[in-house]
Amino acid sequence: MSPTLILSLIAGYFVILIVIALLTSRKATSESFFVANRNAPWYMVAFAMIGTSLSGVTFISVPGMVQAQSWSYMAVVMGYTVGYLVIGLVLMPLYYRLRLMSIYGYLEQRFGFWSYKTGALFFLISRAAGSALRLYLVAGVLQLAVFDDMGVPFVVTVIVSIMLIYLYTFRGGLKTILWTDTFQTLAMLTCVGVSIYLVSSELNLGFADLVRTVKESDMSQIYFSDIKDDKFFWKQFASGAFITIVMTGLDQDLMQKNLSCRSLGDAQKNMFWFTIVIVFVNILFLTLGVLLYKFAAEKGIQLPTNAAGKIIGDDVFPLLATEHFTLFAGIIFILGIVAVTYASADSALTALTTSFCVDFLSIQQYPEKKQTQLRQLTHLGFSVVLIVIILIFRAINDQSLITAVFKLAGYTYGPLLGLFSFGIMTSRMLREPLVLPVCIAAPLLTLLINANSEAWLGGYKFGFEILLLNGLLTFLGLLAISRSAVPEAVPELNPAR
């Protein structure tokens, strides 16, 4: 594929996004930016959330990891369903009853100032780092496919990519994003479906042959045998459940869309249908992974490897799509990865802006004109932060990106899991000045245990369940600094009321 063609595709794609932004951001206010005036249709939110929750990491790394991990990731996906059930039945009723704009306002009402600020701070760190990792992946693909041949430095690729997101989100915020992400989710799902069809056609596989090929492949195994193995099903399943609770239910990014629904009932319908679709979509990505490796084997294509001779999974789909597939298939790949990445990134940038404005600037106290100025300046500031993090990650990353993202989440989201679970499961109060030290100590202790787990725990290796350990250590630390509640000091937070 020629760089000119790829640039033309991307330019045309962003023209569509800009037009959508212009149409949806008219008369936008801060409430439009933060919660879309709380009148978004639930089915629109459910569909838009698909693109937001997946990102370019799913599009590239999930198909790429099947050679090394088989379908062990499917256990994580099945765990998602339990996590979404907890979100819909426990967290959503709480958030809607309190009419929160930032979900971390719960911590202020439940505990106080320091718990509130600590929770918001860990979200900012988690989401900024996670979103930067996802954007890094796509910037790398565009660099390889287009900008290296043109002599454009990686830093320029990153700056242009993020500034394009800023351009179509800075006015309308969530009100615009619900529309752009709906379009981008449709584009992404179309692309992955077409990719499977095209690769299957190249391999002369009808639908029945496709199903049989995937089912009989060694790359579609799920591991139940050894609990010490980091791919063991029930470890992955539990990890998926808790990853969902923290990375969706305790994350301002995904919950901000849910809070834009007209009622709690609508938000719960959104979560129910979203859960069904997200499982199906992940099956498509894993199926595509099996087909990609089968295609490479049958065509005798040498896949990229690292210094240890292991295949670099994150490079498999981009390499095959841009150098070995038909021109049409290559175009589909480029459009798909751009769609899924920007659907995730634009939402994350808006969520970071919302959390900082509401949780740290207390933006509601100002008149609308001042709110707009602060909001737009914060939006620009986080765009710069993402650029810096991406450049740092490019210098140090040497592992599968999806593994890196979830490992990072295990350390940064653990304190959020501990804080919220302590607030919901107990009636005790906290010695507030000690909350931040506990939430810093827990990830550090988790890191120490993880580094020595094989020696200390009889060969046990932590996988994604490192999040559970971190959350547990945070919970125990909070218990150690807690005190009995004064009855009138504890707000009534029963979601049933």
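Because the structure is predicted, anything quoted here is derived from the model rather than measured.
- Side chain of Gln236 to backbone of Ala75: no donor-acceptor contact under 3.5 angstrom is found.
- Between the side chain of Tyr411 and the backbone N or O of Ala442, no donor-acceptor pair lies under 3.5 Å.
- Applying the ring-ring contact (aromatic ring centres under 6.0 Å, His included) criterion to Tyr95, with sequence neighbours excluded, gives no partner residue.
- Within the 4.5 Å cutoff, side-chain heavy atoms of Glu432 are placed close to those of Ser115.
- Within the structure, every pair that satisfies the salt bridge (Lys or Arg N to Asp or Glu O under 4.0 Å) test and touches residues 245-256, not counting sequence neighbours, is listed here: Arg127-Asp251, Arg127-Asp253.
- You'll find the side chain of Ile449 stays beyond 4.5 Å of the side chain of Ile466, heavy atoms only.
- Across all their heavy atoms, Phe285 and Val62 have their closest contact at CB-CG1, 3.9 Å.
- Residues Val316 and Pro63 fail the side-chain proximity criterion, which asks for heavy atoms closer than 4.5 Å.
- The two atoms that bring Ala46 and Asn270 nearest to each other are CA-OD1, 2.9 Å, heavy atoms only.
- Note that the CD1 atom of Ile165 and the CG atom of Leu349 stand 6.5 Å from one another [nearest 0.5 Å].
- When atom types are taken as modelled, the side chain of Ser220 and the backbone of Ser217 share a donor-acceptor pair closer than 3.5 angstrom.
- Under the ring-ring contact (aromatic ring centres under 6.0 Å, His included) criterion, Phe33 pairs with His379, sequence neighbours left out.
- Scored by the ring-ring contact (aromatic ring centres under 6.0 Å, His included) test, Phe422 finds Phe475 as partners (sequence neighbours excluded).
- Separating the CG atom in Leu292 from the CG atom in Leu319 is a distance of 10.5 Å, to the nearest 0.5 Å.
- Between the CD1 atom of Ile390 and the CG atom of Leu135 there is a distance of 4.5 Å, given to the nearest 0.5 Å.
- Residues forming a salt bridge (charged side-chain N to carboxylate O under 4.0 Å, His left out) with Arg262 (at least two apart in sequence, or on another chain): none.
- Ser347 is listed as a side-chain neighbour of Lys257, based on a closest heavy-atom distance under 4.5 Å.
- Residues meeting the ring-ring contact (aromatic ring centres under 6.0 Å, His included) test with Phe420, sequence neighbours left out: Tyr106.
- Taking the salt bridge (charged side-chain N to carboxylate O under 4.0 Å, His left out) definition, one finds that Asp266 meets it with Lys269, sequence neighbours left out.
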Stepwise, does the side chain to side chain contact (heavy atoms under 4.5 Å, CB included) test hold for Leu91 with Ile424? CA-CA 9 Å; Leu91 294 177; Ile424 293 170; 3.7 Å; yes
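- Counted within 6.0 Å of CZ on Phe242, heavy atoms from surrounding residues, nucleotides or ligands total 12 or fewer; the atom is thus considered open.
- For the pair Leu303 and Leu320, the minimum side-chain heavy-atom distance is below 4.5 Å.
- Here CZ of Phe272 is found 10.5 Å from CG of Leu85. Values are rounded to the nearest 0.5 Å.
- Pairing each heavy atom of Asn258 with each of Met271, the nearest pair is OD1-CE, 3.7 Å.
- Qualifying side-chain hydrogen bond (donor to acceptor under 3.5 Å, both in side chains) partners for Asp359, counting only residues two or more places apart in sequence or in other chains: Ser102, Tyr116, Ser355.
- For Asn450 (side chain) and Thr446 (main-chain N/O), no donor-acceptor pair under 3.5 Å exists by modelled atom type.
- In this structure, the side chain of Thr426 does not engage the main chain of Gly423 through any donor-acceptor pair within 3.5 Å.
- Here the side chain of Gln252 pairs a donor or acceptor atom with the backbone of Met101 at under 3.5 angstrom.
- Residue Ile389 comes nearest to Ala132 through the heavy atom pair CG2-CB, 3.3 Å, listed as atom of the first residue, atom of the second, then distance.
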Evaluate side chain to side chain contact (heavy atoms under 4.5 Å, CB included) for Met429 paired with Arg110, printing each intermediate quantity in order. CA-CA 8 Å; Met429 300 301 291; Arg110 176 64 177 84; 3.3 Å; yes
Run the side chain to side chain contact (heavy atoms under 4.5 Å, CB included) check on Met65 and Tyr73 step by step: do they pass? CA-CA 9 Å; Met65 71 192 300; Tyr73 183 66; 4.3 Å; yes
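- Other residues, nucleotides and ligands contribute at most 12 non-hydrogen atoms within 6.0 Å of the CH2 atom of Trp179.
- A 4.5 Å side-chain heavy-atom check between Leu448 and Trp456 finds at least one atom pair inside the cut-off.
- Atom CG in Leu107 sits 7.5 Å away from atom CG in Leu416 (nearest 0.5 Å).
- By the side-chain hydrogen bond (donor to acceptor under 3.5 Å, both in side chains) test, Thr118 is found to be paired with no residue, residues two or more places apart in sequence or in another chain being considered.
- Across every non-hydrogen atom of Leu386 and Ala128, the tightest pair is CD2-O, 3.4 Å.
- Listed by first and then second residue, the side-chain hydrogen bond (donor to acceptor under 3.5 Å, both in side chains) pairs that reach into residues 183-199 are Tyr13-Gln184, Asp181-Gln184, Gln184-Asp346, sequence neighbours excluded.
- Remark: Glu298 engages Lys294 in a salt bridge (charged side-chain N to carboxylate O under 4.0 Å, His left out) (not counting sequence neighbours).
- With Phe274 as reference, Tyr84 is the one residue of Tyr43, Tyr84, Tyr80 to meet the ring pair (Phe, Tyr, Trp, His ring centres under 6.0 Å) rule.
- Seen from the ring of Phe34, Lys175 does not count as a face-on cation partner, given the 6.0 Å and 45° thresholds.
- Side-chain N or O atoms of Ser70 include one that pairs as donor or acceptor with a backbone N or O of Asp218 at under 3.5 Å.
- At least one side-chain heavy atom of Cys439 sits under 4.5 Å from a side-chain heavy atom of Phe122.
- Here the straight-line distance linking atom CG of Leu479 with atom OG of Ser482 works out to 4.5 Å at 0.5 Å rounding.
- The side-chain hydrogen bond (donor to acceptor under 3.5 Å, both in side chains) search around Thr354 returns Gln256, not counting sequence neighbours.
- Among Thr287, Leu203, Val199, the single residue meeting the side chain to side chain contact (heavy atoms under 4.5 Å, CB included) criterion with Leu210 is Thr287.
- Counting heavy atoms from C-beta outward, Tyr96 and Cys261 have side chains that approach closer than 4.5 Å.
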Given side chain to side chain contact (heavy atoms under 4.5 Å, CB included), test Phe325 with Leu198 step by step and report yes or no. CA-CA 9 Å; Phe325 288 174; Leu198 293 174; over 6 Å; no
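- When all heavy atoms of Pro318 and Ile60 are compared, the closest pair comes out as CG-CD1, 3.9 Å.
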